[in-house]
Chemist: 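Encoded as structure tokens, here's the structure I'll be asking about.
We're numbering straight along the sequence, starting at 1.
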Amino acid sequence: MTKDYSGKNFSRKMNKGLLIVNLILLVCAVWLLIANIQHEEYTVAIGMGLVGIVSIANGTLAFLRLKGKKI
């Protein structure tokens with residue numbers, strides 16, 4: 001039997017940590033995206049673009065949870 005985490009509320013400390021990790025991940029992904037485009041490594045650049053998009057989405061959700069929005 002597995003636990004259902006769909007309705008679990010995260011603590012403020014956890015949301016702050018998730019937001020910080022996602023911001024760091026976003027900065028690194030954008031930096032690698034630019035570096036790979038300059039070196040004409042487009043496959044890796046596309047992957048870093050996808051990582052950046054997911055990081056933005058996760059960071060936005062963590063920010064909204066910090067503000068008290070019900071997601």
Chemist: Looking only at non-hydrogen atoms, find the nearest pair between Ala29 and Gly52 and report the distance.
Modeler: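 Where Ala29 meets Gly52 most closely, the heavy atoms are CB-N, 4.1 Å.
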Chemist: Is it the case that one hydrophobic cluster holds both Val27 and Leu33, taking links as side-chain heavy atoms less than 4.5 Å apart, direct or via other members?
Modeler: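 No, because Val27 and Leu33 fall into different hydrophobic clusters, even though each may have its own neighbours under 4.5 Å.
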Chemist: Using the rule that two of Ile, Leu, Val, Met, Phe, Trp, Tyr join whenever any of their side-chain heavy atoms come within less than 4.5 Å, decide whether Leu25 and Leu18 are in one cluster.
Modeler: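 Shared cluster, no.
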Chemist: Test side chain to side chain contact (heavy atoms under 4.5 Å, CB included) on Asn22 and Leu26; report intermediate values, then the result.
Modeler: CA-CA 6 Å; Asn22 279 302; Leu26 177 63; over 6 Å; no
Chemist: Using 0.5 Å steps for rounding, measure from the NZ atom of Lys69 to the CG atom of Leu64.
Modeler: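 If I round to the nearest 0.5 Å, the distance is 7.5 Å.
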Chemist: For Asn15, which residues count as a side-chain hydrogen bond (donor to acceptor under 3.5 Å, both in side chains) partner, sequence neighbours excluded?
Modeler: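 side-chain hydrogen bond (donor to acceptor under 3.5 Å, both in side chains) check on Asn15 returns Arg65.
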Chemist: Test Asn36 against every option in Val44, Ile46, Thr43 by the side chain to side chain contact (heavy atoms under 4.5 Å, CB included) rule and name the one that passes.
Modeler: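 One option only clears the test, and that one is Val44.
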Chemist: Nearest 0.5 Å, what's the CD-CG distance between Glu41 and Leu32?
Modeler: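 Between Glu41 CD and Leu32 CG, I get 12.0 Å after rounding to 0.5 Å.
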Chemist: Find the distance between CG (Leu61) and CG (Leu19) and round it off to the nearest 0.5 Å.
Modeler: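 With rounding to 0.5 Å, CG (Leu61) is 11.0 Å from CG (Leu19).
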Chemist: Checking the side chain of Ser55 only, and the main-chain atoms of Val51 only, is there a donor and an acceptor separated by less than 3.5 Å?
Modeler: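 A pair under 3.5 Å: no.
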